[in-house]
Student: 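Below is a structure I'd like to ask you about.
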Amino acid sequence: MSEDDVLMDRIADELRVFPHVDGEAKARLLVAVAAERERTRTLRERGWRWFTPRIAVVGLAAAAVLAVYLRTAPPASSPVERAPVAEARRPAATVAAYDASTADMAPRPIQLVFRAPSASQVRVVGDFNGWDKNQVPMARDSASGLWSATLMLRPGRHVYAFVVDDTLWMRDPRAERAPDADFGRPGSVLLVGKP
Amino acid sequence: MNIVRVSRLLALATLLVVARRTEAQQIAYAADLGAEMDSVSRASITREITLARDRGLPVEALVAKVREGRLKRANGLRIHVAVVALARRLDSARAGLGPNSTPEELAAGADAIAVGGDVSSLRTLRAATTRSVAAPVGTFAQLLASGVERARALTMVVNLLHRNATPAQLLALGNLVESDVVAGIRPDEAAAFRLRAIEGMSILSGDKVEVAAPAPVTQPPATQSQPPKRRP
C-alpha cells in the first residue's frame, strides 16, 4: 500500500465520522421547517387557486386601496376563510364555559385539592383564568400537607394544572389527562355540569 | 409653508410610530413575555398578536396561549408557532361563524377546528339558532374530541338546538359522552345512548312545551291544573 493510499484511507475515515449536532438546535430547526412548510403550503394552495393575470392586476389594485383604507380606518372584521391547519393534530378541546346567558350556566363552586407537603407555594392555572398563575393561589393545610382552592366555574369542560413553587408544572393525578399538541405538556380535565 | 407642512407630516409620522410601539409594548406586557425570552421571539409573537388584533380577532385567547406556553417552559419559537396556529384557527372560526361573532363563539370555533371541525359545520351551527352558538359549538368540539364522527356530532347538536336545548343541557351532553368514552365506551355508542337518555327524560325545553301545553283560555280554571289529555 502506497503512502497516498494510506493518506486517502485516513481522509476517508475522517469523513465517515458525522459531525456533532446540537440536539436543541436540531429541534428548533425542525419546528421552524414545519412552520415554514405549513405557511408556504397554505400560501401556495391559495395562490394557485386564485391566480390569473387579470385577477392579479385587480388584486394588486384592490390591495393598494385596502392598504390605504386599513391605514386610515379603525380595525375592521373581514373574515378570511383559511384552511384548517390543525385537523390532524387533535388536541383536547378547551370547551370551557362559553355562554353565561342563562341561569343554568351560573358558576358553581368547585374545590381542587393537591398533595404537595414540601411545597412552599401552589397555584391553579387553567383556561378559566387565562393561564395566569397570579390569580388563584392555593391554601395549605399544615396537618395534612394538602393544598386546596375553591373556584367558581361555569358548566363546561375546563383544562387546568398546578404550578408548584412558581416553576414546576404538575397535572392533577386524580383527573383525566388533557393532551397538549402545542407544547407537549398535558394538563388535567375538569368537567363541570352534568344533569 | 412647505416647511410647516413637512414638519406636520414628520410629527404625524412620529406619533404613528410611537403609538404602534406603545401598542406593541402593551401587548408584550399583557402576554407576560418574560425577560428570558429571546428578542426575536418576543418581537415575532408581539407582531403576530398585533396583526390578529388588527384583523379584529380576540387577543385574549392569543395572550392566554403565550402564558400557557411560558408556564410549560416552551421556547419562544414554539410559542410563536402555537400563537400563529391559534390565530389561523380563529380566522377559520370567524369565516364559519360570521364577522359579528363574540370572542367566546370564536374561541369555541377555534377549538372545534383544532379537533377536526370545519368551516362548513360552523356555518350550519350558526344557521341553526338565533342565540349564541358558543355552547353548541363547544359541545360540537367536545364530541369531536371524544371521537364522535363529525357528521353525527353535527346532527346531534343541530337537532338539540331545534328542540330548544339550553346551553347547559348541550354542555352536559358533551361532558357525559366524554366521561363515557374515558370509561371505555365507544364514542358513537356513548353519543347515541346519552342522546336517547336526554330525549327520554324529556328535559329539553321543547318537550316541556309539548307536554305542558297551556289550556285554552275559555276553559274554567279548575281544568287548567289537570294534566293535559293525550290524543288517542
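Only this structure's heavy atoms are used, side chains among them; waters, hydrogens and symmetry mates stay out. Since the model is a prediction, treat every value here as computed from it, not as a measurement.
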Student: Measure from NZ or CZ of B/K72 to the centre of the six-membered ring of A/W131, then state whether that distance is under 6.0 Å and the direction lies within 45° of the axis.
Tutor: yes

Student: Only pairs of heavy atoms separated by less than 4.5 Å count here; which of A/D166, A/N129, A/T167 has the most with chain B?
Tutor: A/T167

Student: Under 4.5 Å heavy-atom distance to chain A, tell me which part of B/I79 shows up: side chain, backbone, both or neither.
Tutor: both

Student: Who wins among B/R73, B/E178, B/E60 for the most heavy-atom pairs under 4.5 Å with chain A?
Tutor: B/E178

Student: State the CZ-CG distance between A/F183 and B/L71, to the nearest 0.5 angstrom.
Tutor: 10.0 Å

Student: Taking B/Q142's backbone N and O only, do any of them form a donor-acceptor pair with A/R157's side chain (distance below 3.5 Å, no angle check)?
Tutor: no

Student: How long is the span from the CG atom in A/D127 to the CD atom in B/E68, to the nearest 0.5 Å?
Tutor: 8.5 Å

Student: Rounded to the nearest 0.5 Å, what separates atom CG in B/L86 from atom CG in A/D182?
Tutor: 7.5 Å

Student: Would you name the heavy atoms of A/M105 and B/L171 that are closest together and state the gap between them?
Tutor: CE-CD1, 3.3 Å

Student: If we ignore hydrogens and angles and just use 3.5 Å, is the side chain of B/N175 paired with the main-chain N or O of A/V192 as donor and acceptor?
Tutor: yes

